[in-house]
Amino acid sequence: MSNSGFSDLVEKAKSHTHSFTLWPDQWRRCNLQNSLSWNTYAFSPASTGSIPEQPGIYAFLIQPNIVNNLNASYLIYIGKTERNLRVRFQEYLREVKNQSGRPKICFLLGSYDGYLSFSCAVVKSNTLSATLNALEKELLKVFIPPANDRIPAEVRRVVGAFR
């Protein structure tokens with residue numbers, strides 16, 4: 001392999017390098033006020049009809065699915081929507097094709113075609129906005145997904161100390 005071929009491979013590998021913080025103390029402190037029932041779908045237009053038409057919380061997972069019975073997932077992003085999860089899913093499908101979308105999200109969604117999953121949980125509450133905000137904040141503190149920019153300050157400060 002030529003030096004330029006090797007350099008190209010190195011650059012390609014760098015573009016798929018993400019920094020994950022695995023923090024068991026945060027996992028133990030997880031305090032979700034709502035029980036969440038998650039369902040996972042391929043991030044593909046074919047999944048659209050299966051996505052719930054209710055508000056909720058969602059996550060993007062990179063799932064290689066290359067070895068039977070080895071459940072490897074990389075949680076990359078967490079979000080919430082007071083609108084319909086299906087509508088939000090469709091917005092992400094459009095964002096992949098829209099070069100003027102959020103750069104980090106466009107890159108991640110476009111880089112893992114065939115390996116990206118959309119997990120979501122319907123949330124029902126009399127105080128939907130407050131409930132979704134609390135759930136999202138808690139999940140961001142616990143998992144610290146690399147594609148989220150709005151990690152709660154108390155976690156961001158500690159994690160930022162070693163990045």
- Item | Student check: side-chain heavy atoms of Lys104 and Asp149 closer than 4.5 Å | yes
- Message: When you measure from the side chain of Glu138 to the backbone of Asn31, do you find a donor-acceptor pair of N or O atoms at a distance under 3.5 Å?
- Response: yes
- Message: Determine whether a donor-acceptor pair (N or O, by modelled atom type, separation under 3.5 Å) exists between the side chain of Ser119 and the backbone of Ala59.
- Response: no
- Please check if atom CG in Asp25 has more than 12 non-hydrogen atoms from other residues, nucleotides or ligands closer than 6.0 Å. yes
- Task: State, yes or no, whether a side-chain contact exists between Ile62 and Leu116 at a heavy-atom distance under 4.5 Å.
- Result: yes
- Query: Just wondering, do Ile144 and Trp23 contact through their side chains at under 4.5 Å, heavy atoms?
  - Reply: yes
- Task: List the steps, then state whether side-chain hydrogen bond (donor to acceptor under 3.5 Å, both in side chains) holds for Tyr58 with Tyr92.
- Result: CA-CA 12 Å; Tyr58 60 90; Tyr92 278 108; 2.8 Å; yes
- Hey, are the side chains of Thr21 and Pro146 touching, using non-hydrogen atoms and a 4.5 Å cut-off? no
- Message: Over 60° means perpendicular and under 30° means parallel, so tell me whether Phe43 and Phe60 are parallel, tilted or perpendicular.
- Response: perpendicular
- Item | Pair Tyr41 + Phe89: ring centers closer than 6.0 Å | no
- Query: Okay, side chain of Arg86, backbone of Ile51: is any donor-acceptor separation there less than 3.5 Å?
  - Reply: yes
- Task: With sequence neighbours excluded, tell me which residues meet side-chain hydrogen bond (donor to acceptor under 3.5 Å, both in side chains) with Thr131.
- Result: Ser125, Thr127
- What pair of heavy atoms forms the shortest contact from Ala72 to Pro64, and how long is it? O-CD, 3.4 Å
- Query: With a cut-off of 6.0 Å (strictly less than), are more than 12 heavy atoms of other residues, nucleotides or ligands near CZ of Arg150?
  - Reply: no
- When you look at NZ of Lys137, are more than 12 heavy atoms from neighbouring residues, nucleotides or ligands closer to it than 6.0 Å? no
